[in-house]
Amino acid sequence: MLKSARRTKPRNIIAVTPCVLTCSQDSRDAPAGVGSRRPITAIFHNRISIPQGAHVNNADVAATLSEVAALLDLKNESGFKVRAYYNAARAVDGLAEEIRDVAARGSLKNIKGVGSSTAERIDELLQTGSMKYLESLRSEFPSGVRDLLGVPGVGPSLARRVYQELGVESVEQLREASEDGRLAALSGLGEKTAQNVLRNLSRANKRESRISLGKALPVVEELMQALENKAPLRQLTTAGSLRRWAPTIGDIDLMATSVDPDRVMEVFVSLPQVSQVLAHGSTKSAILTDNGLQVDLRIVPDESFGALLQHFTGSKDHNIELREYSLHRGLSLNEYGIAEVETGQRRTFDDEHAFYEALEMAYIEPELRQGAGEIAAARARSLPDLVTTRDIRGDLHAHSEWSDGSVPIESMVEAARARGYEYMAITDHSGGIGLAGGLNPERLLEQIGYIRRLDASLEGFRLLSGSEVDIKRDGSLDFPDELLAQLDWVIASVHSGFTQTREQMTDRIIRAIENPHVDAIAHPTGRLIGRREPYEVDLERVFETAARTGTALEINSFPDRLDLVDTHARRARELGVMLVVNTDAHSPLHLDNIIYGIAMARRAWVEPEGVLNTLPFSELRAQISCVER
DNA sequence: GCCGTTTTCGGCCCGACTGTTTTCAGTCG
Ligand SMILES: Nc1nc2c(ncn2[C@H]2C[C@H](O)[C@@H](COP(=O)(O)OP(=O)(O)OP(=O)(O)O)O2)c(=O)[nH]1
Ligand SMILES: [Mg+2]
Ligand SMILES: [Mg+2]
Ligand SMILES: [Zn+2]
C-alpha cells in the first residue's frame, strides 16, 4: 500500500501554508523548473570568444545570437528582427540535443525560431568558430557600449544616446556622466534618471544572479508570512518561475487579491527586508530584498485572479505563443481576462482552468508552460499524464553513516517508511576516490550482510543493498564485478576528472553503462548549480547506450543538482531511456527533496511509466535481479 | 528575421510604472 507523504494542497490560499510550494501547485500534487543551461543574459556580457578548433556548444551559439540581438537593438534595428534573434537564441539554448548534431543532419531550420538566415549563420559559427555578421556588428560599437545594456533601467535607447551624444563607452563612463550631470542634461532626461542609473550600477552585469529553487524557498516563505501577518490579503500565491518549478529562479513573483490593494502595496514596500523599492503602483510593485533578491507583487480584482495566474505564471514564451494563437482566433488575452477583438466584449476569469477551457484546450500544468509544444498538445488533448510524488514508491539513492551520510541505516529506513515508501536502496560511496568514509570492499561486504539481516526483520518494506560506485577515469568501476554481483542495486557516477575531453568522458560513462551490473547512472552530467558547469559529454550517445542496455538514468533531486535537467530528461525519454528519480539523501530530511526531482520529471513531460521507482517492488525486482528473501 | 487549420506577405502579446511628457517613450515583466 502506498501513501504519499506530501501534504494536501490548500484550495483557496488564504493562509500561507508551511510549504510555500504547495501553494504553487495545482490539483495534482506534484511540483516541478528552466534548464541546466546557463542563462543567456549571463553569458553575453562576457564577450564570448571561441578558441580555434574548440567545441562550439549550444550555450556558445545561444550567446552569439543573443549578442547579435543586443547589437541590432543598439543599432535601432526593427524590434521584430531583434526579437527574432532573441527567439533563436532561446530556442538553441533550450535544445535538448547538441546543436552540432542537428546541424550535421541539416535540420537547423526545423528548430522553431531558426530560419534560413540564422541557420546559415549558425552553420558558419560551427564550422569556423566565428560569425562574420556578429564581427561586423561588433565593429560598429566599442565593446563597452553593449555592457551598458546590463545596467537595470538602461535599454537600447538610453545606451545609444549616451554613446552617441556623450561618447560614453563603458559602464564606468556611464557612472561619471550620471554623477557630473551630463546625463541629466540630455533632452528628455533628468536628475531622477541619473540617480536611478547610479543606484542600479551595483546590479549591473551580474554574472550569476539566478538562485536555485531550494535557496529561494526560505526567503519566499518568510516574505509570504510577513505579508500575511501585516496586510489585508484575500489570496496570496507564488507565480512565475517559482510556480513552474524552474531549477533556478531570477526573482520571486507573488500575486494577491485584497479588499485594499493600496494598503497591501504599502505594507509590501515597507517590509523590514526591503533594501530598495524598484516600483510602487496599485497593481504592481517590485522591491529588492536585503540579500539582493528581487520580489514582484501583482494584485488584481478577485474576478481576475485566474487570468492573472495564467499571465503571471508564464513562461513568457508560453504566454506569447498562447496570445498569438488566440489572436488568430479573434481573442485577445491579458491578465484580467479574455476579450473578443471584434466586439470588444470582455470576460474575466477567477479560475485558471476555465481560462484554458475558454480557449478550447486542456488545462496545462505550470511545469509544462515553457513554449515547448504544450499548447499544441493541449489543443489536441494529448498532454502527458504527468508523474507525481504520489507515484514514487521508493528511493534508490540514499546514504548512511557508513559513508558520508549523517544517520544510521535504520533511521533512513524509518524516514522512508514514514513517507509511505515500500522500498529503499542504501547506496553508500565506494572508497577508492578518497571520499569521506567511502567503503572499501571489506566494509561493503560487511554492510551487505548487515542490510540483509535488517531487511529480513522488516515487515512490508524492502531494504536493498546497493552502492554508489565511482566511475574511474578509464570507465572502470571502483569495485570488482564479483562484488557488484552481490548487490541488489548498483548506481555508478563520476566524482573526479571532470575536465576530461568530451570523447574521454563519453567513453568513460558508456563503459560504465555497459557493465551489466550497473543499474543506473547517478547525476549524469555532474553539474552543480551556481558552482560547476556540467562536464563535457555526448549525452546523445549516453542516452542511446542507456536505452539499449536497459540502464536507468537518474534525475537527482538535490536542489543544486537537478541532474538530469528537464530538457535532457525529455530527450532521454524520447530515446527510450528509463529514468529513476532519487534524492541522494544524506539525512532523513533530504528525502523531502523528491519534490524537486519530480518537478524536473514533470517539466520533462515524464509519465509514471517512465520512472523506474514508480514500480511496486514486485515489478522492480524483476527488472534489477535482486536477491530473494 | 520568422512564419502559415482562412496567409509565402504582412503581420508579429500586452500592460504597469516611471519620468518628463503636454500626450508618451522607454523599460521591464
Ligand atoms: N505576456 C507576457 N508576459 C510576460 C512577459 N514577461 C514576463 N511575463 C510574465 C510571464 C512570466 O513568467 C512572469 C514573471 O516574469 P519574470 O520576468 O519574473 O519571469 P519568470 O518568473 O518566468 O522567470 P525568472 O526566473 O524570474 O527569470 O510574467 C512578456 O513580455 N509578455
Ligand atoms: Mg520571475
Ligand atoms: Mg518577476
Ligand atoms: Zn550519492
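Order of the sequence lines sets the chain letters (A, B, ...), proteins ahead of strands, with each chain counted from 1.
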At 4.0 Å (heavy atoms only), tell me whether A:Asn319 reaches a base, stays on the sugar-phosphate, or touches nothing. nothing
Mind checking whether A:Tyr163 and A:Phe141 have parallel, tilted or perpendicular rings, split at 30° and 60°? tilted
Should A:Glu357 and A:Arg381 count as an ion pair when the cut-off is N to O under 4.0 Å? yes
Going by number, which of residues 372-383 of chain A have a non-hydrogen atom under 4.0 Å from DNA chain B? none
Have A:Asn291 and A:Thr289 got a donor and an acceptor in their side chains that come within less than 3.5 Å? yes
Hey, is the side chain of A:Ser116 poking within less than 4.0 Å of OP1 or OP2 on B:dG1, counting only N and O atoms? no
By the 4.0 Å heavy-atom rule, please label A:Glu77 as base, sugar-phosphate, or nothing. nothing
Hey, does A:Tyr85 reach any base, or is it just sugar-phosphate, or nothing, if we go heavy atoms under 4.0 Å? sugar-phosphate
Between OH of A:Tyr325 and P of B:dC2 the distance, given in whole Å, is 25 Å
Apply side chain to side chain contact (heavy atoms under 4.5 Å, CB included) to A:Ser282 and A:Met265, showing your working. CA-CA 7 Å; A:Ser282 58; A:Met265 288 306 190; 5.8 Å; no
Whole angstroms only, please: what is the CG-C1' distance between A:Leu108 and B:dG1? 15 Å
Strictly by side-chain hydrogen bond (donor to acceptor under 3.5 Å, both in side chains), give each pair with a member in residues 257-270 of chain A just once, sequence neighbours left out. A:Thr257-A:Asp302
SB check A:Arg121 A:Glu124 (cutoff 4.0 Å): no
Taking only side-chain nitrogens and oxygens of A:Tyr86, does any of them come within less than 4.0 Å of OP1 or OP2 of B:dC12? no
Glycosidic conformation of B:dT5, syn or anti, with 90° from 0 as the boundary? anti
Is there a side-chain contact between A:Thr283 and the phosphate of B:dC17, meaning an N or O under 4.0 Å from OP1 or OP2? yes
When the C1' atoms of B:dT21 and B:dG26 are considered, how many whole Å apart are they? 12 Å
Compare side-chain N and O positions of A:Gln195 against OP1 and OP2 of B:dG19 and report whether any pair is under 4.0 Å apart. no
Whether A:Thr118 contacts B:dC2 is assessed here as follows: a side-chain N or O lying under 4.0 Å from the phosphate OP1 or OP2. Is that the case? yes
Whole-Å distance separating the NZ atom of A:Lys81 from the C1' atom of B:dG1: 7 Å
A:Arg199 CZ to B:dT27 P, in whole Å, measures 17 Å
Whole Å only: how far is the CD1 atom of A:Ile122 from the P atom of B:dC2? 9 Å
Using OP1 and OP2 only, check whether a side-chain N or O of A:Ser332 sits under 4.0 Å from B:dC14. yes
Taking A:Glu352 first and then A:Arg369, would you say they form a salt bridge - that is, a charged N and a carboxylate O separated by under 4.0 Å? yes
Less than 3.5 Å apart, any donor N or O on the side chain of A:Glu191 or A:Gln195 sitting next to an acceptor on the other? yes
So, are A:Arg105 and A:Glu97 salt-bridged, with charged N and O less than 4.0 Å apart? yes
Using heavy atoms and a sub-4.0 Å distance, could you list which residues of residues 262-272 of chain A are near DNA chain B? By number, please. none
With respect to the side chain of A:Lys284, which nucleotide from B:dA16, B:dG26, B:dC13 is positioned closest? B:dA16
Positive for side chain to side chain contact (heavy atoms under 4.5 Å, CB included) with A:His318, one of A:Gln310, A:Arg244, A:Gln370: A:Gln310
Mind checking A:Ser285 for me? I need base, sugar-phosphate or nothing, with any heavy atom below 4.0 Å counting as a touch. nothing
Tell me: CZ of A:Arg83 to C1' of B:dG1, nearest whole Å? 11 Å
Using the side-chain heavy atoms of A:Ala84, tell me which of these nucleotides is nearest: B:dC2, B:dC17, B:dC14. B:dC2
Roughly how many Å is it from NE2 in A:His311 to P in B:dG15, rounded to a whole number? 10 Å
May I ask which nucleotide in the shown strands pairs with B:dC2, Watson-Crick or G-U wobble, both distances under 3.5 Å? B:dG11
Does a nitrogen or oxygen in the side chain of A:Arg329 sit under 4.0 Å from OP1 or OP2 of B:dT6? no
Just to confirm, is there a sub-4.0 Å distance from OP1 or OP2 of B:dG15 to any side-chain nitrogen or oxygen of A:Asn334? yes
At less than 3.5 Å, do the side-chain atoms of A:His328 and the base atoms of B:dT7 form a donor-acceptor pair? yes
So A:Glu135 and A:Lys132, salt bridge (Lys or Arg N to Asp or Glu O under 4.0 Å) or not? Walk me through it. CA-CA 5 Å; A:Glu135 296 310 324; A:Lys132 289 207 173 63; over 6 Å; no
Which whole-number value in Å describes the distance from A:Arg160 CZ to B:dA25 P? 14 Å
